[in-house]
Visitor: 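This structure is in structure tokens; I'll ask about it shortly.
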Amino acid sequence: MDIFTQQLINGLVLGSIYALVALGYTMVYGILELINFAHGEVTMIGAMVALSVIGLLMGAAPDLPGLMVVLAGVLVAIPACMLLAFAIEKMAYRPLRKAPRLAPLITAIGVSIILQNAAMLIWGRQYVSFPRILPEARHELFGAHITDLQIAIVALSLLIMAGLWLLVQKTRLGRAMRATAQSKEVAALMGVNVDRVISATFVIGAALAAVAGVLVSAYYGLAHYYMGFLLGLKAFSAAVLGGIGNIAGAMLGGLLLGVIEALGAGYIGDLTGGFLGSHYQDVFAFFVLILVLVLRPSGLLGERVASRA
Amino acid sequence: MRRKPQIAFFWLSVLLVALPFLTGAALGNSWVRVLDFALLYVMLALGLNIVVGYAGLLDLGYVAFYALGAYLYAWLASPHFGVHLPFWAVLPLGAALAGLFGVLLGAPTLRLRGDYLAIVTLGFGEIIRIFMNNLNAPVNITNGPQGINLIDPVALGGFRFAGTQQVLGVSLPSTYLFYYLFLAFTLAAIFIAMRLQDSRIGRAWAALREDEVAAAAMGVNTRNLKLLAFAMGATFGGLAGGLFAAFQGFISPESFNLWESILILCMIVLGGMGHIPGVILGAVLLTVLPEALRYIGDWQRHAFGHVYVDPSDLRMLLFGLALVLMMVYRPAGLIPSRQRKREFAAEDGVAEQEQASLYDARG
Amino acid sequence: MLEVNAVSKRFGGVTALEDVTLAVNKGEIYGLIGPNGAGKTTLFNCMTGLYSVTSGEIRLEGHPLHNRKPHEIVARGFARTFQNIRLFANMTALENIMVGRHTRTRAGVLGAVLRCERTRAEERAIRERARELLDFAGLHGKGRFLAGHLPYGDQRRLEIARALATDPHLLALDEPVAGMNPTERRQMGELFRRLRDAGITLLLIEHDVKLVMDVCDRVAVLDYGRKIAEGTPEQVQRDPAVIAAYLGAETRAAGAAP
């Protein structure tokens, strides 16, 4: 088996999930210049809600095909996350829109902790396993394996991203979002309902996060109340890598980060003579983040300079 | 009239000296241990307050510096490497190492916007933890998740902080001894934090927090001052880490997870960012309250015969809620700072002036 | 004293300044005028290190300033104020001025903690100088008030006092009398002359033509990022290019209105 190709495939699969989550960070940052720390937790809630629905359905209707069951889970998780994000924005962030920068950032952390611990109380400390109800056929591809699930993850992610791209570029809402990102004041003067646009941004990001949450738990076969933290951190790194505030950048950054991580984890043992092993996989996202911030703070596709006078 | 502050100072000193005995008598000796931790957290909170409260930089990986101090102490004073350096030699080394890492981490990120610092420090905290957990093979540096055990007890001039010791005819358990040791360090930390705030450096930090561009345009070297705040905070963290290791005699990565960073941040936010009495109150409250929360578990068992909600699970939830509520409703903290009080005073002043200028215009 | 040599500044595709050259002589009051969006504040920001320049150079008394950090420029003796007053709103008026002494003082962490005789003497000197400047700017007795709570005119004066605390040889003021009534404007004009008499060279961005004509020794006019005229106020006032720019600006503004 070709390790390089295999890791590349694994990286792309993971990367497309990072990209979905990164989009939520980048859209909110583009408009509010706020790192929405709670976004990773929204992803986790998406996975948890979907798993609960899946569990219920499997108990109630054991004959239903697996794909349908998972789909039902996703379809419940999406509105749940959208509602959650709407509430978070309205209650925790909106009152602080004019406050000093530190205030919403601290609130965001507070929300993140609340969600994480609420999830722990609801779903427990244990790992929740994702039932093996999806087709698991493996295919050969350039001397490596790829599963149906992996193909589905990449395809679905690409589809969603294309949809988002169309939404932002072609629709009225998209235009309002872009205008608001440029300047809230001017957009408001031009008749854009800024509050509604900001809500919409959060809600769209949450929908993507819900899908990403289900995908990632299906991929790893489990979910956990703590999973949102690291996923969120990595997705944010991906957003920075691509250029924060830039939607295409978040997609590129996500894919790239996934690949870097997979290849890094695959080769770190050889590179360090066995001193560091693949359990350092989680370190890569962070080093990428630091490197980008040092070398090119505006990211790969970003134009905006990090600090504005 | 003028003797009043001195009298208050005298009674405060008496109280601080007698506190472990009072606590031990009233609540039992396990609460003296809580007091020790409260002091440790006051030190940590004061350190983080330099970064967050004075300079306005959000550091979410503060516990990493605490961990560095603790691990350095464990490496240099335990059988793990067979090195047994004395307390006074190791403690400053830990503080210096943490300060150095503060500079290394701050240098690339501090020229960027503040919120990048938050995420980088958050990542840094996790990285340190991953390394602590995994650097036990092929060369055993951290002993992995098991942590490092049998750390040397503090010895000051032949006097060992272990077991029960006779001091001036009074027998003191080690928790009492550590109380006085920590109290000395905490008072020093308070002193340093106060002096820093009321100084040329402190003013520059405040200016930086208020308006970075204006501060730069007034000749403040923003990058160096941010770095200084960051390094100072890290140094406090490293020092507290060393003390923690010496106190516990055992450390493991578990003690240095993200929640510790968040907890310390909560202390500052709750009490009042940038305001020393507020920070102290926040640290004491958030150390003592979770201990008191344990009674909720007892109460549930007593009332229902079963623990429905584990109080330790509730703890972080409440902290998160506190962060949000404080920011939305009371951003200045429980004890409003001098600056807030002055704001009210100034408002009256402005009103008076405007009155005065009105009369001028008429005349 | 200050030489601006062929300075251009581009933001992405937008050219904010193009090939601007001007020279400010020691001891004069130099005015920078022009219609809105002409690039005056951009030029200020390039001079004081908030923006990098795309090309060209800026020198103060022979020392290059372009692409230097703001604090280095302040240390060279060039201070500024902002068009949209940027005081430290939650610090007192006196503390604001004391921050201005930062570059001219030395005490570090050790000095702050130990508070040795030298630090205490320095602190006393800072406080004393800040009080002097408070009085100089006509803010006597207002040192305890929070800067954010001072009346507007006082805030403008405080910002100048804060800039003066850095001991500048050259002081750049961005629309210092904007929003003031005629009496306050006259007082400000007097303050500018007192500053010049104290040996400080002044660089003003101003919209108020009367004030510019009254106090400035020489004037440069910017339009669309280019310098279109330079000379004494009288010369500039008669310059056809200037008249065209201002009239043009008016017709442009009139045309844009619905």
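Any value given below was found using the heavy atoms of this structure, including those in side chains, with hydrogens, waters and symmetry copies removed. Throughout, protein chains are lettered first and strands after them, A, B, ... in sequence-line order, and every chain is numbered starting at 1.
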Visitor: Does A:Ala262 offer a backbone N or O that forms a donor-acceptor pair with the side chain of A:Asn10 under 3.5 Å?
Guide: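 Side chain of A:Asn10 to backbone of A:Ala262: no pair is present.
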
Visitor: Is B:Arg129 salt-bridged to A:Asp282, cutoff N-O under 4.0 Å?
Guide: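 Judged by the 4.0 Å cut-off on N to carboxylate O distance, B:Arg129 and A:Asp282 do not form a salt bridge.
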
Visitor: Under 4.5 Å, heavy atom to heavy atom: which of residues 233-243 of chain A reach chain B? Give them by number, or say none.
Guide: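 Those residues of residues 233-243 of chain A which have a heavy atom under 4.5 Å from chain B are A:Leu233, A:Phe236, A:Val240.
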
Visitor: Report the distance from atom CD1 of B:Ile262 to atom CG of B:Leu258, rounding to the nearest 0.5 Å.
Guide: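 The CG atom of B:Leu258 is 4.5 Å from CD1 of B:Ile262, to the nearest 0.5 Å.
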
Visitor: Which atoms of A:Ile290 come close to chain B, meaning under 4.5 Å heavy atom to heavy atom: side chain ones, backbone ones, both, or neither?
Guide: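 For A:Ile290, the side chain is the part near chain B, not the backbone.
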
Visitor: Check each atom of A:Phe284 against the heavy atoms of chain B and say whether the ones under 4.5 Å are side chain, backbone, both or neither.
Guide: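 When you check distances to chain B, no heavy atom of A:Phe284 falls under 4.5 Å.
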
Visitor: Quick check for you: among B:Val120, B:Val52, B:Leu265, which has the greatest number of heavy-atom pairs under 4.5 Å with chain A?
Guide: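 Highest number of pairs under 4.5 Å: B:Val120.
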
Visitor: So, using ring-ring contact (aromatic ring centres under 6.0 Å, His included) as the criterion, who are the partners of A:Tyr127 when residues are at least two apart?
Guide: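 In terms of ring-ring contact (aromatic ring centres under 6.0 Å, His included), with neighbours along the sequence ignored, A:Tyr127 is linked to A:His224.
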
Visitor: By a 4.5 Å heavy-atom criterion (distance strictly below it), what part of B:Val269 contacts chain A: side chain, backbone, both, or neither?
Guide: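 When you check distances to chain A, only side chain atoms of B:Val269 fall under 4.5 Å.
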
Visitor: Picking from B:Leu318, B:Leu325, B:Leu122, which has the most non-hydrogen pairs under 4.5 angstrom with chain A?
Guide: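 Highest number of pairs under 4.5 Å: B:Leu122.
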
Visitor: If you measure only the distance, is there a donor-acceptor pair under 3.5 Å linking the side chains of A:Glu261 and A:Tyr18?
Guide: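 Their side chains do contain a donor-acceptor pair, which is all the 3.5 Å distance test asks for.
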
Visitor: If I take atom CG from residue B:Leu227 and atom CG from residue B:Leu57, how far apart are they, to the nearest 0.5 angstrom?
Guide: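 Here the rounded value is 10.0 Å.
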
Visitor: Rounded to the nearest 0.5 Å, what's the gap from CG on B:Asn49 to OH on B:Tyr62? Could you check?
Guide: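 If we round to the nearest 0.5 Å, B:Asn49:CG and B:Tyr62:OH are 9.5 Å apart.
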
Visitor: Which distance, rounded to the nearest 0.5 Å, do you find between the CD of A:Gln116 and the CZ of A:Phe229?
Guide: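 It is 8.0 Å, given to the nearest 0.5 Å.
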
Visitor: B:Phe124 versus chain A, heavy atoms under 4.5 Å apart: side chain, backbone, both or neither?
Guide: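 It is both, since atoms from each part get that close.
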
Visitor: In Å and rounded to the nearest 0.5 Å, what is the CG to CG distance from B:Asn136 to B:Asn143?
Guide: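 Reported to 0.5 Å precision, the distance equals 6.5 Å.
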
Visitor: A:Leu115, A:Ile106, A:Thr107: which one forms the most heavy-atom pairs within less than 4.5 Å of chain B?
Guide: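 Result: the option with the highest number of such pairs is A:Ile106.
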
Visitor: Counting heavy-atom pairs closer than 4.5 Å to chain B, which one of A:Ile113, A:Ile109, A:Leu96, A:Leu289 comes out on top?
Guide: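 Looking at each of A:Ile113, A:Ile109, A:Leu96, A:Leu289 in turn, A:Ile113 comes out on top.
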
Visitor: Please classify the contact between B:Ile127 and chain A as side chain, backbone, both or neither, with a heavy-atom cut-off of under 4.5 Å.
Guide: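 Side chain of B:Ile127 only, per the 4.5 Å heavy-atom cut-off to chain A.
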
Visitor: Atom OG1 of B:Thr121 and atom CD of B:Glu126: how far apart are they, to the nearest 0.5 Å?
Guide: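 Going from OG1 on B:Thr121 over to CD on B:Glu126, the span is 11.5 Å.
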
